[in-house]
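These notes are about the structure you will find just below.
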Amino acid sequence: MLELLPAPPVDPLWDLAAEYTADPRPERLNLVLGVYRDHTGITPVMAAVKEAEIRLAERSDSKEYRGLSGNTAFNRAMLSMVLGGPGTEALTARATAVQTVAGTGALRLLADLVRQTRPGTTVWISDPAYVNHRPILEGAGLLVRTYGYGAGMLDDLRAARRDDVVLLQGCCHNPTGVDPTAEMWEELAGLAAANGWVPFVDLAYHGLGDGLAADLWATRMLAERLPEVLIAVSCSKNFGLYSDRTGCAIVVGSSRQALRNVETALQNAARTMYSMPPEHGAAVVATVLEDERLRAAWLAELDVMRHRITANRADLVEHLRALGCAEQAAPLARQKGMFSMLPLTPDQMRRMRRQFGIYGTTSGRINIAGISAHRIPFLAQGIAASLETPHAVPSV
Ligand SMILES: Cc1ncc(COP(=O)(O)O)c(C=O)c1O
């Protein structure tokens, strides 16, 4: 039987990461995957997470199955983080949350919900998009169309029809690092209201752009103004829980009554794939968010991470300017979040990989959160040399 299996496509990001691992050059730089590293090059367990884990280990006395929606305290905490706050009772009353296997699981369960609601629905994704958006949506049996990302996105999205779904990244767009302006978000809300399409917001980097509240602003605004919004939340980056696979699918409906079948539909989708999500990461997040002191400690750590990312980007821009690449550095200065899009062609990206061992994606994306500050001059020199700027001579 297995000889019938056709060669499947290889995940381009993990393929590059494997190429990096096999690269013997000690000076090589891995800027492929979206993983935060501190100044020592380590992806740390956040102190608030560690403390929550210790508390959980001390009081843990059973690993009995949880319910099909996962950890309900976590689901409440996610709803409150994304949509809650003073005066939002009416909004949270028309929203429901189900724990998922990280952000990817949330995207997939929500895509499945869309398919169960209306098979053959068209979902619009940005071009360029996060590499896994199209495979997840097509894997759930949905049709995918693209809108050009940037200033022209509103024009493209005028073609989205009633009951189409439009996937938007809530903040820190992957891969470009550029988000719509507040005015564009308002226009998007107006367009969705006028034409009847449903926003599907992917939240993977909240807290790492302009701060937690600012990064959640657009999602909240859409949820407040529109009758239906789907939200996929990942705790991988902002809690550093990458391998604990922690996330949440949130559905906002026009009323509590409109949500009556949603939780069961999401549960059923999960039931046939993995039954129910793993407990550990969700219990950690709930413990952190429910305890005032731990929550404040987590927010402070998140701010430290955000400031380090911002400082890395500013430093790279400065070094590029010093190497005579002011023009190429200008768009980088406006980007935010973990990723930056370099103004390099696929050939130049390959050249940078081959010649200097600097690994970004072929499309030009680098993880700006994955580099130690002392390696930024090397990165800037590699970029400048790949652009064939005369001043640059890379040295480790
Ligand atoms: C835009 C976006 N959405 C979702 C995810 C999925 O994250 P998770 O690891 O939580 O599944 C990622 C991960 O890189 C991402 O960049």
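Any value given below was found using the heavy atoms of this structure, including those in side chains, with hydrogens, waters and symmetry copies removed. Counting starts at 1 for both ligands and their atoms, in listed order.
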**OP:** Walk me through it: do Met153 and Leu168 pass the test side chain to side chain contact (heavy atoms under 4.5 Å, CB included)?
**Re:** CA-CA 11 Å; Met153 66 192 273; Leu168 299 159; 4.0 Å; yes
Subject >> CA sep, side-chain torsions, deciding dist, call: Cys325, Leu387, side chain to side chain contact (heavy atoms under 4.5 Å, CB included) >> reply: CA-CA 9 Å; Cys325 305; Leu387 284 162; 4.3 Å; yes
Original post:
Which is it for Glu318 and Ile376 under the side chain to side chain contact (heavy atoms under 4.5 Å, CB included) test, yes or no, and what are the steps along the way?
Top reply: CA-CA 10 Å; Glu318 207 171 292; Ile376 287 179; over 6 Å; no
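If you look at Asp202 next to ligand 1, the close heavy atoms, those under 4.0 Å, all belong to the side chain. The side chain of Tyr205, and not its backbone, has at least one atom closer than 4.0 Å to an atom of ligand 1 (non-hydrogen atoms only; side chain from C-beta on).
No donor-acceptor pair under 3.5 Å is formed between the side chain of Asn195 and the backbone N or O of Arg161.
Each of Arg306, Lys237, Arg308 was checked for a side-chain hydrogen bond (donor to acceptor under 3.5 Å, both in side chains) with Tyr36, and the lone residue meeting it is Arg308. Test Gln169, His133, Arg365 against Asn174 for side-chain hydrogen bond (donor to acceptor under 3.5 Å, both in side chains) and you get one pass: Arg365.
In terms of N/O distances under 3.5 Å, ligand 1 is not approached by Gln169. Looking at ligand 1, you won't find any N or O of His133 less than 3.5 Å from one of its N or O atoms. Note: no N/O pair closer than 3.5 Å links Thr246 and ligand 1 by distance alone. Ligand 1 has an N or O atom lying under 3.5 Å from an N or O atom of Gly103, backbone or side chain.
Near Lys237, meaning under 4.0 Å from any of its heavy atoms, are these atoms of ligand 1: 13 (C), 14 (O). Atoms of ligand 1 found under 4.0 Å from any heavy atom of Ser236 (numbered from 1 in listed order, with element): 8 (P), 9 (O), 10 (O). For ligand 1, the atoms lying closer than 4.0 Å to a non-hydrogen atom of Ser234 are 7 (O), 8 (P), 10 (O).
Residue contact annotation: Arg245 has a non-hydrogen atom under 4.0 Å from ligand 1.
At the top of the distance list for atom 6 (C) of ligand 1, counting protein heavy atoms only, stands Thr104 OG1, 3.4 Å.
A cation-pi arrangement is absent between Arg28 and Tyr359 under the rule of less than 6.0 angstrom and at most 45 degrees off the ring axis.
Aromatic pair Phe378/Phe356: centroids not less than 6.0 angstrom apart.
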